[in-house]
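Chain letters run A, B, ... following the sequence lines, proteins first, then strands; residues in each count from 1. Treat the numbers as computed from the prediction; the structure is a model and nothing was measured.
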There are 2 protein chains.
Amino acid sequence: MTEAAPRPLPPVRGVTMADVARVAGVSRGTVSRYVRKTGYVSSRAAKSIEAAIHETGYVPNVAARSLAGMRARNIALVIHQDATLFAEDPNLMGMMVGANQFLTTHDHQLLVMIHPEQGGLTRFKNALYGGFLDGIMLAAPRIGDPLVGLIQESGLPASLVGARAEGLTIPVVDVDNYTGAYEMVTYLLDRAPKPAKRVAMIAGPRDTTAAQDRRQAFVDCLEARAIEPIVEVSEHWSHDSGLVAARALLDAHPDVDTVFCANDSLAAAVMTVLQDRGRTVPDDVRVAGFDDSRWAMSTTPHLTTVAQPAEAMGVALAELVVRQLGGESLGGQLFLQSTQIVVRGSA
Amino acid sequence: MTEAAPRPLPPVRGVTMADVARVAGVSRGTVSRYVRKTGYVSSRAAKSIEAAIHETGYVPNVAARSLAGMRARNIALVIHQDATLFAEDPNLMGMMVGANQFLTTHDHQLLVMIHPEQGGLTRFKNALYGGFLDGIMLAAPRIGDPLVGLIQESGLPASLVGARAEGLTIPVVDVDNYTGAYEMVTYLLDRAPKPAKRVAMIAGPRDTTAAQDRRQAFVDCLEARAIEPIVEVSEHWSHDSGLVAARALLDAHPDVDTVFCANDSLAAAVMTVLQDRGRTVPDDVRVAGFDDSRWAMSTTPHLTTVAQPAEAMGVALAELVVRQLGGESLGGQLFLQSTQIVVRGSA
DNA sequence: CTGAAAGCGCTTACAG
DNA sequence: CTGAAAGCGCTTACAG
C-alpha cells in the first residue's frame, strides 16, 4: 500500500472482511453474520465464505470490533505493585495462573498489567477507556486505592482481591485471613510440639487488609487468654524488609519463644536472623508463616504455615468478571476462600 | 457459561472527542490536533479545549485511535509456556520486570500474555492482528516455534529471547550461555576448592537453545581435556523434573563428585537427592547451577552458579521493539548479554 | 436470506 | 488557523 513519510513503519493491516467478501462474492454484512454466527446465512454463502476465509487467512480486527460496540474478549489482571515486589510475591503468581486457566477455557485472553504503586492514573485510565478491555481484575490494592474508584466509575465488569471499602459495588475475593491466622495462633499456643510461652508477631504492611486481619486475629487470640501481644510491623512483605523487622523484634524481646509471621518470606527472614544469633528453630524458637509459598520449602527446617489458595483466588477473580459479562450483577459481595494450616518442621 | 442475551451490559463509553469539541466550541478535528500536539491550534482554541477536557474528563479511545491508523502504545510480552511452569521460572519474572521498567519510562504499556505450549494459534493470531498491540516480545520460544513465524508474517515490530533460526528477521536477545557454561565448567575442573575428578551434567530440556548451548559447552570443555562427559537430561526446567533426573544420574553414576546443572532449580533438586542419600555438599559432591535465581539462595549451602542478567534482558527486549517503532530496522541481529560466575558454598 | 447504509471514535489531508 | 469530509474495519437494523 502507500506509505507516508511521517509513518516509518508500514501499518500492520491484514486482510479485511471486505477482502473476504470480495473473494466469496457476497457483501461484508453477510460475512459478518457468518463469522459471528448471528442471523441467517444460506449454506451456499456459508460455504464460499468459509473457503474465502481459509484462502485469505482472514483474522478479525479486535479494535474495529470493539469500536463497533462488541467485546474484545480481553480481560486484564492489574497488579498494583512495583514490579520488583510483584516478582517476590508468590500469591500474585498463583492468581495469575488461576485466572489464566479459567479465562483460557472460557475463550478470553488474559492481559497482565503491572501498575506501579506511585504510577500516574492517566495510564490506567487509558486502559480503562481504551476499548480493548472487557473487564478488570485488580490485585494487591491498597486500602483506599484510587484505582478502585476509577474502575467503579468506568462501569467495566471487575473484581478485586483483598479490598474492603464503604460503598464498594465491585465483588471482592479474599482469603479468610482472620480465621486462618486465628487458627494458626491457636495451634502455636495449644497444640504445637512445644506450646508457646512468649509469642510475638511480625505483621505485614499497614495498608493492606490482609495484614490487618492477620494481625487482628493474633491480637484477639492472645487477648482472649489475657496474654499481652507483642507486634513488630514490617514495612513491606519482602524478605529484606523482614530482616529489619526481625532484628528489631529480637533486640527488643530477646526472650520470645515463638514468632508468628504475616507471611512466609517474613518467617524466612526471622529464621535467618535467629540463625545468625545462634538460636535454633524449632528448639529455641518456633516460627510460623502464612501463604505456603515457595519460601516455606526453602528454609531449614521447612515452615509451618497457613496455606493460601492463590490459584483458586485467580479462578474466582476471573469467574466473577465473566459472570458479570454474562449479565449477572454481583454488587460488592465478598467471596472468602478458606485457608488451611500446614504443619512442618518450624513449629 | 456462555454469554446469553444480546448485550446485557451498557457499553462502557466515556466522553468522546465530539463531546470535548462541543464544550470547547470547536470542531473535532481541532481537538484532535490539540490532543496529538500536531498541526496548528490557536492559543485561544487550545485554552478552551484544555478546559473542556478537564471538565469532561475526556480519555481517548485506543481502539478508535488504532483503527484510524495510529499506535496503541501497548506492547506485549508473550510467555510461550504453561502458566505453572512460568510461575517457577525466575528469569521470566526478571524479564517482565525489566521490560516493564523500560516501557513505562518510554510511555508504553506492557501487556503480559501467557500462551500455553499446546495452545491453538488462533488466539495468538487474534492478538497479532487485533490492532491493540504495537509490538511483541516473545519469551521462552521453542526451537522451530510456530509463533515466531506468525510474528514475522505479521510484520509487527518484535524481539525474541533465546531463539536462533534460519531466515530470522527479528532481533534476538540472549545470554551467552555457551561462554557462561564453559567458564563454570572450567572453574569446576580447575579452580574450585576441590577440583572435579568425575563430573556430570544435568542438562535442560532439549528444545531450547539455552539448554543446548550450556550442554555443548560442558561437552566441549570436557572433550578438550579428553574426559568423557556424563549427561542426564531433565525433561523440564523445574525442580520436580530435576528430582527425577538427579535420581537417574546418581543411580547410573554413584561415583560422580561434581554435578553441573543447567539451572538452579535442577541444582537444588540434585542437592535434595544427594541429601536423601546421605551425601554432603560440597564435601562429597560439588554442585553448581545456572541463573542465580531465588533457588540459589534457598539451598544449604547456597549455590555456586552463573548469574544471568534477566532484568537487563527484559530491558533489551523492550528497547529493541521501541527502536523499531522509531523506524530502525534491526533484522535478525543477535544481542548477547554476558554472564558472571558467582561462587558460593556448593562448589 | 442478503445488500446498502449508517455508525462506533479518531485522524488526516484538503479546502477555506 | 480551523471546519467538513472521508476513511480505518466491523456490526447491525432495515429494506428488499
Exercise. At their closest point, which heavy atom of A/Ala46 faces which heavy atom of A/Tyr34, and how far apart are they?
Worked result: CB-CE1, 3.7 Å
Problem set entry | Spatial distance of atom CZ (B/Arg28) from atom CG (B/Asp19) [nearest 0.5 Å] | 10.5 Å
Problem set entry | Whole-Å gap separating C1' (C/dC8) and CG (A/Asn61) | 13 Å
Exercise. Rounded to the nearest 0.5 Å, how far does CG of A/Leu317 lie from CE of A/Met96?
Worked result: 13.0 Å
For this session: Measure the spacing between CG of B/Leu110 and CE of A/Met113 and express it to the nearest 0.5 Å.
Result: 9.0 Å
Exercise. Looking at B/Thr38, does any N or O in its side chain come under 4.0 Å of the phosphate oxygens OP1/OP2 on C/dT12?
Worked result: no
For this session: Please tell me which of the listed nucleotides, D/dG3, D/dG9, D/dT2, lies nearest to the side chain of B/Leu67?
Result: D/dG9
Problem set entry | Separation of atom CG in A/Asp19 from atom C1' in D/dC10, rounded to whole Å | 13 Å
Exercise. So which one's nearest nucleotide on DNA chain D is more toward 5', B/Ala64 or B/Val41?
Worked result: B/Val41
For this session: Whole angstrom is fine here: how far is it from CZ in A/Phe132 over to P in C/dC10?
Result: 14 Å
Exercise. With respect to the side chain of B/Met17, which nucleotide from D/dT2, C/dC10, C/dT2 is positioned closest?
Worked result: C/dC10
Exercise. With respect to the phosphate group of D/dT11, does any side-chain polar atom (N or O) of A/Arg65 fall under 4.0 Å of OP1 or OP2?
Worked result: yes
Seminar exercise, completed: When rounded to whole Å, the CD1 to P distance for the pair B/Ile49 and C/dT11 reads 12 Å
Exercise. Within the pair A/Ser32 and D/dT11, is there a side-chain N or O less than 4.0 Å away from OP1 or OP2?
Worked result: yes
Exercise. Just wondering, do A/Ile75 and A/Val322 contact through their side chains at under 4.5 Å, heavy atoms?
Worked result: yes
Problem set entry | B/Asp134-B/His108 side chain donor-acceptor pair, cut-off 3.5 Å | no
Exercise. If you look at every strand shown and take non-hydrogen atoms under 4.0 Å, does B/Val26 touch a base, only sugar-phosphate, or nothing?
Worked result: sugar-phosphate
Exercise. To the nearest Å, how far apart are B/Arg28 CZ and C/dA13 P?
Worked result: 16 Å
Exercise. Looking at side-chain heavy atoms only, is the closest gap between B/Leu128 and B/Glu153 below 4.5 Å?
Worked result: no
Problem set entry | CD on A/Gln118 to CG on A/Asp82, rounded to 0.5 Å | 7.0 Å
For this session: Check the distance between D/dC10's C1' and A/Tyr58's OH and give it to me in whole angstrom.
Result: 7 Å
Exercise. Given C/dC1, C/dA13, C/dG9, which nucleotide is nearest the side-chain atoms of A/Tyr40?
Worked result: C/dC1
Exercise. In terms of side-chain heavy atoms of A/Ala68, which of D/dT2, C/dC10, D/dG9 is nearest?
Worked result: D/dG9
Seminar exercise, completed: Here the helical stems involving DNA chain C, each at least 3 consecutive Watson-Crick or G-U pairs closer than 3.5 Å, sorted by first residue number, are C:1-3 with D:14-16, C:5-12 with D:5-12, C:14-16 with D:1-3
Problem set entry | Closest listed nucleotide, where the reference is the side chain of B/Thr16 and the choices are D/dT12, C/dG9, C/dT2 | C/dG9
For this session: Please determine, for the side chain of B/Ser27, which listed nucleotide (D/dT12, D/dG3, C/dG3) has the closest atom?
Result: D/dG3
For this session: Can you tell me the distance, in whole Å, between the CE atom of B/Met70 and the P atom of C/dT11?
Result: 7 Å
Exercise. Please give, in whole Å, the distance from D/dG9 C1' to A/Arg36 CZ?
Worked result: 14 Å
